[in-house]
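Heads up, the thing below is written out as structure tokens.
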Amino acid sequence: MTNIYRLILFIPFLILGCASNLIEENKVIQKIENLDMNIFSKSGDKIYSITSPNSNYDKIKLRFNLKKTTINIFDGENIKYIINSDSSTLTDKNKTVELKGNVELRSFSKDDDILYGDKLIWNINESKYELIGNIRFENTNILLYSSKAILSENNIIEFFNPVKYIIKDDNNENKYEINSENAFYNINSNSFSFKATDKRVKSIIYF
């Protein structure tokens with residue numbers, strides 16, 4: 001991951017080359033319109049890309065502030081995740097991206113898994129994504145609600161208390177419901193497991 005660190009430290013220079021319109025170049029805040037930035041590894045592989053119609057770079061805090069952000073995260077030549085949000089902050093020093101407002105993380109699995117939340121913190125070094133507030137996970141067959149979710153590089157999503165899991169039928173009506181303290185979703189196998197420490201896992205079947 002040291003290669004990513006080096007690349008992020010040079011992001012200001014990358015942006016100077018790709019931004020279409022730079023304003024206030026000699027001031028503390030540098031405004032950038034139509035940002036379209038690609039980050040590559042030392043070997044030339046694309047790690048991720050960021051686009052935003054309106055952003056700025058704080059030269060003192062070494063921080064980017066972006067509006068209407070879209071981040072594409074790559075696995076080889078393919079896109080692994082797409083993240084959208086109303087705004088975001090990219091911090092060179094902490095090596096994190098923080099996204100806020102109508103956050104949507106979409107994976108390219110066969111079930112088209114989508115995670116929604118109020119806020120997402122991406123730790124670039126650890127390939128860890130933490131969503132906070134009004135979490136909703138959805139694909140073609142299920143709905144899951146929780147207060148917090150963490151997606152790690154092992155492709156496991158952990159959902160935190162309280163968890164409400166609903167299986168939908170062909171008419172998009174509730175068919176089966178599970179309430180638990182925690183839940184784990186394996187993206188690779190499209191499977192769920194549930195865990196409760198203080199209380200039993202509660203299941204409801206609708207007829």
- Item | Chi angles and distances behind the ring pair (Phe, Tyr, Trp, His ring centres under 6.0 Å) call for Trp122, Tyr81 | CA-CA 12 Å; Trp122 175 26; Tyr81 302 119; 9.3 Å; no
Does Asp58 CG have over 12 foreign heavy atoms under 6.0 Å away?
yes
By salt bridge (charged side-chain N to carboxylate O under 4.0 Å, His left out), Arg106 pairs with (sequence neighbours left out) Glu104, Asp112
By salt bridge (charged side-chain N to carboxylate O under 4.0 Å, His left out), Lys67 pairs with (sequence neighbours left out) none
field: Test log, rule side-chain contact (heavy atoms from CB on, under 4.5 Å), inputs Asn54 and Lys68
entry: CA-CA 8 Å; Asn54 190 341; Lys68 293 295 180 183; over 6 Å; no
Looking only at heavy atoms, which two atoms of [X] and [Y] are closest? And how far apart?
{"X": "Lys148", "Y": "Ile150", "answer": "CE-CD1, 4.1 Å"}
{"X": "Phe160", "Y": "Ser146", "answer": "O-CB, 3.4 Å"}
{"X": "Asn38", "Y": "Ser49", "answer": "OD1-CB, 3.1 Å"}
{"X": "Tyr145", "Y": "Leu143", "answer": "OH-CD1, 3.7 Å"}
{"X": "Asn179", "Y": "Lys164", "answer": "OD1-CG, 3.6 Å"}
{"X": "Ser85", "Y": "Ser87", "answer": "OG-O, 2.9 Å"}

task: Ignoring hydrogens and angles, state whether a donor on the side chain of Asn123 or Thr96 is under 3.5 Å from an acceptor on the partner side chain.
output: no
Are the side chain of Asn139 and the backbone of Ile142 linked by a donor-acceptor contact shorter than 3.5 Å?
yes
*Expected output: side-chain Ser147 to main-chain Asn161 donor-acceptor under 3.5 Å*: yes
For a 4.5 angstrom cut-off between non-hydrogen side-chain atoms, does [X] reach [Y]?
{"X": "Glu126", "Y": "Glu153", "value": "no"}
{"X": "Val163", "Y": "Leu144", "value": "yes"}
{"X": "Lys80", "Y": "Asn78", "value": "no"}

Examine [X] and [Y] and state if one hydrophobic cluster contains both, with Ile, Leu, Val, Met, Phe, Trp and Tyr joined whenever side-chain heavy atoms are less than 4.5 Å apart.
{"X": "Ile47", "Y": "Met37", "value": "yes"}
{"X": "Tyr116", "Y": "Tyr129", "value": "no"}
{"X": "Leu66", "Y": "Ile39", "value": "yes"}
{"X": "Ile187", "Y": "Leu120", "value": "yes"}

Nearest-0.5 Å distance that lies between atom [atom1] in [X] and atom [atom2] in [Y]:
{"X": "Phe184", "Y": "Phe192", "atom1": "CZ", "atom2": "CZ", "value": "11.5 Å"}
{"X": "Arg63", "Y": "Tyr57", "atom1": "CZ", "atom2": "OH", "value": "11.0 Å"}
{"X": "Asp86", "Y": "Asp118", "atom1": "CG", "atom2": "CG", "value": "10.5 Å"}
{"X": "Ile132", "Y": "Lys100", "atom1": "CD1", "atom2": "NZ", "value": "10.0 Å"}
{"X": "Ile79", "Y": "Asn72", "atom1": "CD1", "atom2": "CG", "value": "4.0 Å"}
{"X": "Leu115", "Y": "Ile157", "atom1": "CG", "atom2": "CD1", "value": "4.5 Å"}

Quick one, Ile83 with Tyr48, criterion side-chain contact (heavy atoms from CB on, under 4.5 Å). Give me CA distance, side-chain angles, the key distance, then yes/no.
CA-CA 11 Å; Ile83 308 174; Tyr48 64 92; over 6 Å; no
key: Candidate pair Leu105 and Leu99, rule side-chain contact (heavy atoms from CB on, under 4.5 Å), full reasoning   = CA-CA 11 Å; Leu105 188 155; Leu99 302 101; over 6 Å; no
(Q) Walk me through whether Asp36 and Thr51 qualify under side-chain hydrogen bond (donor to acceptor under 3.5 Å, both in side chains). (A) CA-CA 5 Å; Asp36 188 0; Thr51 59; 5.8 Å; no
Item checked: Asn182 and Phe194: CA distance, side-chain angles, deciding distance, side-chain contact (heavy atoms from CB on, under 4.5 Å) verdict -> CA-CA 6 Å; Asn182 294 82; Phe194 300 88; over 6 Å; no
Arg136/Glu138 salt bridge by N-O under 4.0 Å criterion: yes
Asn188 meets the side chain to side chain contact (heavy atoms under 4.5 Å, CB included) criterion, sequence neighbours left out, with Asn155, Asn186
